[in-house]
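Okay, so here's the structure we're looking at.
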2 protein chains.
Amino acid sequence: MNNFFDHIDHFYKLNEESRQAIEKVLHQQSFSKNTLLATEGKVCHHMYFVEKGCVRGYYNLDGKEVTYWFGFEYSFVTSFYSFISRKPAFENIQLIEDCTVLAISYDDLQKLYDKYPEVERLVRIINENYYVRLEERFVAAQFKTAKERYAGLLDFSPHILQRMPLGYIASYLGISQETLSRIRGKI
Amino acid sequence: MNNFFDHIDHFYKLNEESRQAIEKVLHQQSFSKNTLLATEGKVCHHMYFVEKGCVRGYYNLDGKEVTYWFGFEYSFVTSFYSFISRKPAFENIQLIEDCTVLAISYDDLQKLYDKYPEVERLVRIINENYYVRLEERFVAAQFKTAKERYAGLLDFSPHILQRMPLGYIASYLGISQETLSRIRGKI
DNA sequence: CCTTTCTTTTGACATATGTCAAAAAGAGAA
DNA sequence: TTCTCTTTTTGACATATGTCAAAAGAAAGG
């Protein structure tokens, strides 16, 4: 729980009252490897914060699994589309390792927004930061070569190489596993 | 100005007080074709709402201009990264047609947040919607073929074909102009 | 240790897309 | 209309990446 509050302090420093209100509705949960935190076709009612472990988000696109996202410690995790629209998710979120997470329900979050505008500010700021990161990834996906994207991963997210199987990483980079293997081999 | 309030009603209905507060700090401005609303290397201090006209956002990437975004009537426009971080922008936003926009400054917006939590809620919700749209584009960019992306454009944003030159559209789709020309010719 | 299973690499080839150059088509102005 | 300028299309070829199949390597269980 402390990890969580330390982390969100980077975005916006809450006063004690809001902090305690959040603490009351956050539930610590443990799940084992391969559990799905969000499931295609089902509405995702929770936002999760990863305390320990890692997850991947993937779509089933034309019969193929495509991994679009990885989450590690200190990441917020949910099917964002489903969580904010209250409609069935298009993607799955799967635990790659056993995980401990903090969960907050959609309804609890809305109540916090109403009662503590500070919480809404915090979330606005976090969302904005996640937006900017997604923008960067979008530009990389659209305008950089596979080699450049892999180099970027090495520079900024080397931990992914350690903890995720190659097939998922290849998909995350938008290339086939074979091509990734060749890029790694410096060919 | 009415267009603007009609539009934001779709996201969240403000009370009269917040609405008037916003109206006070929104400035209508007109700019002619090719003006830059945001400039690489400069901090972008305003958020714009396009009342009339259209714009494109582009990066200079390895000496090449890459168009990553188009904005038309009813779009919010800014260098998002620069606007929220107060750091120099990496991209340019250029008017493709003469435009009328509504502008709000960063400082005015923060004051609104402090005084009218409703405004912060509105912005949170708008941000969330823009996030989901960006996620869709990201998945398309990373996991769909050029042909599929063009078909998506035809389905969901045919107005872009009408109002933007082919070179920009090709870049927006992440392909060369020649390839786009061939895709259009059904080859 | 050996056997089984899963992951990663390699090879051969197909395909999509990029690049450069030229031709064609379209839009404005005189 | 004709001339000029810009945009779009076409052609020839190069390159990056995908696909399928097989081999090699690593991990897990007995």
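To find a chain, count down the sequence lines: A is the first, B the second, and so on, and within it residues start at 1.
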Got a sec, which residues hit side-chain hydrogen bond (donor to acceptor under 3.5 Å, both in side chains) with B/D114, two or more places apart in sequence or on another chain? A/R121
Nearest whole angstrom, please: distance from the C1' of D/dT7 to the OH of B/Y168. 12 Å
Considering only heavy atoms from C-beta outward, does the side chain of A/M164 approach that of A/C54 to under 4.5 Å? yes
Using atom types as modelled, flag every donor-acceptor pair under 3.5 Å from a side chain in residues 18-26 of chain B to any protein atom, sequence neighbours excluded.
{"from": "B/S18", "atom 1": "OG", "to": "B/N15", "atom 2": "OD1", "distance (Å)": "2.9"}
{"from": "B/S18", "atom 1": "OG", "to": "B/E118", "atom 2": "OE1", "distance (Å)": "3.0"}
{"from": "B/Q20", "atom 1": "NE2", "to": "B/E16", "atom 2": "OE2", "distance (Å)": "3.3"}

Under 6.0 Å between ring centres: does that hold for A/F83 and A/H46? no
Can B/I84 be reached from A/F11 by stepping across I, L, V, M, F, W or Y side chains whose heavy atoms are under 4.5 Å apart? yes
A/K33 NZ - C/dC6 C1' separation (whole Å): 11 Å
Between B/Y81 and B/F90, is the ring centroid distance below 6.0 Å? yes
Length of the CG-P vector between B/L173 and D/dT8, whole Å: 14 Å
Write down the protein N/O and nucleotide N/O pairs, taken from nucleotides 22-28 of chain D, whose separation is under 3.5 Å; answer none if there are no such pairs.
none

With the criterion being N/O to N/O and under 3.5 Å, what pairs connect the protein with nucleotides 18-25 of chain C, and how long is each?
{"from": "C/dG18", "atom 1": "OP1", "to": "B/S176", "atom 2": "N", "distance (Å)": "3.4"}
{"from": "C/dG18", "atom 1": "OP2", "to": "B/S176", "atom 2": "N", "distance (Å)": "3.0"}
{"from": "C/dG18", "atom 1": "OP2", "to": "B/S176", "atom 2": "OG", "distance (Å)": "3.2"}
{"from": "C/dG18", "atom 1": "OP2", "to": "B/T179", "atom 2": "OG1", "distance (Å)": "2.8"}
{"from": "C/dT19", "atom 1": "OP1", "to": "B/K64", "atom 2": "NZ", "distance (Å)": "3.3"}
{"from": "C/dC20", "atom 1": "N4", "to": "B/E178", "atom 2": "OE2", "distance (Å)": "3.0"}

Do A/S79 side-chain atoms and A/C44 backbone N/O form a donor-acceptor pair below 3.5 Å? no
What integer distance in Å separates A/I183:CD1 from D/dT15:P? 17 Å
Would you call B/R182 and B/E178 a salt bridge, taking side-chain N to carboxylate O under 4.0 Å as the test? no
Please check: side-chain N/O of A/R124 versus main-chain N/O of B/V123, any donor-acceptor pairing under 3.5 Å? no
Between P on D/dT10 and CG on B/L166, what's the gap in Å once rounded to a whole number? 12 Å
Please give the angle, rounded to 10 degrees, between the axes at the start and the end of the helix from C/dC1-D/dG30 to C/dA30-D/dT1, where five pairs define each axis. 40°
Enumerate donor-acceptor pairs with a distance under 3.5 Å from any side-chain N or O in residues 64-77 of chain A to protein atoms, sequence neighbours excluded.
{"from": "A/E65", "atom 1": "OE1", "to": "A/R56", "atom 2": "NH1", "distance (Å)": "3.4"}
{"from": "A/E65", "atom 1": "OE1", "to": "A/R56", "atom 2": "NH2", "distance (Å)": "2.7"}
{"from": "A/T67", "atom 1": "OG1", "to": "A/R56", "atom 2": "NH1", "distance (Å)": "2.8"}
{"from": "A/Y68", "atom 1": "OH", "to": "A/E91", "atom 2": "OE2", "distance (Å)": "3.1"}
{"from": "A/E73", "atom 1": "OE1", "to": "A/R163", "atom 2": "NH1", "distance (Å)": "3.0"}
{"from": "A/E73", "atom 1": "OE2", "to": "A/K52", "atom 2": "NZ", "distance (Å)": "3.1"}
{"from": "A/E73", "atom 1": "OE2", "to": "A/G53", "atom 2": "N", "distance (Å)": "2.9"}
{"from": "A/E73", "atom 1": "OE2", "to": "A/R163", "atom 2": "NH2", "distance (Å)": "3.1"}
{"from": "A/S75", "atom 1": "OG", "to": "A/F72", "atom 2": "N", "distance (Å)": "3.2"}
{"from": "A/S75", "atom 1": "OG", "to": "A/F72", "atom 2": "O", "distance (Å)": "3.0"}

Of all heavy-atom pairs linking B/G41 and B/P88, the shortest is O-CB, 3.3 Å
Taken to the nearest whole Å, CE/A/M164 to C1'/C/dT7 is 16 Å
Separation of atom CZ in A/R184 from atom P in C/dT10, rounded to whole Å: 10 Å
Could you tell me how far apart A/N34 (CG) and C/dC6 (P) are, to the nearest whole angstrom? 13 Å
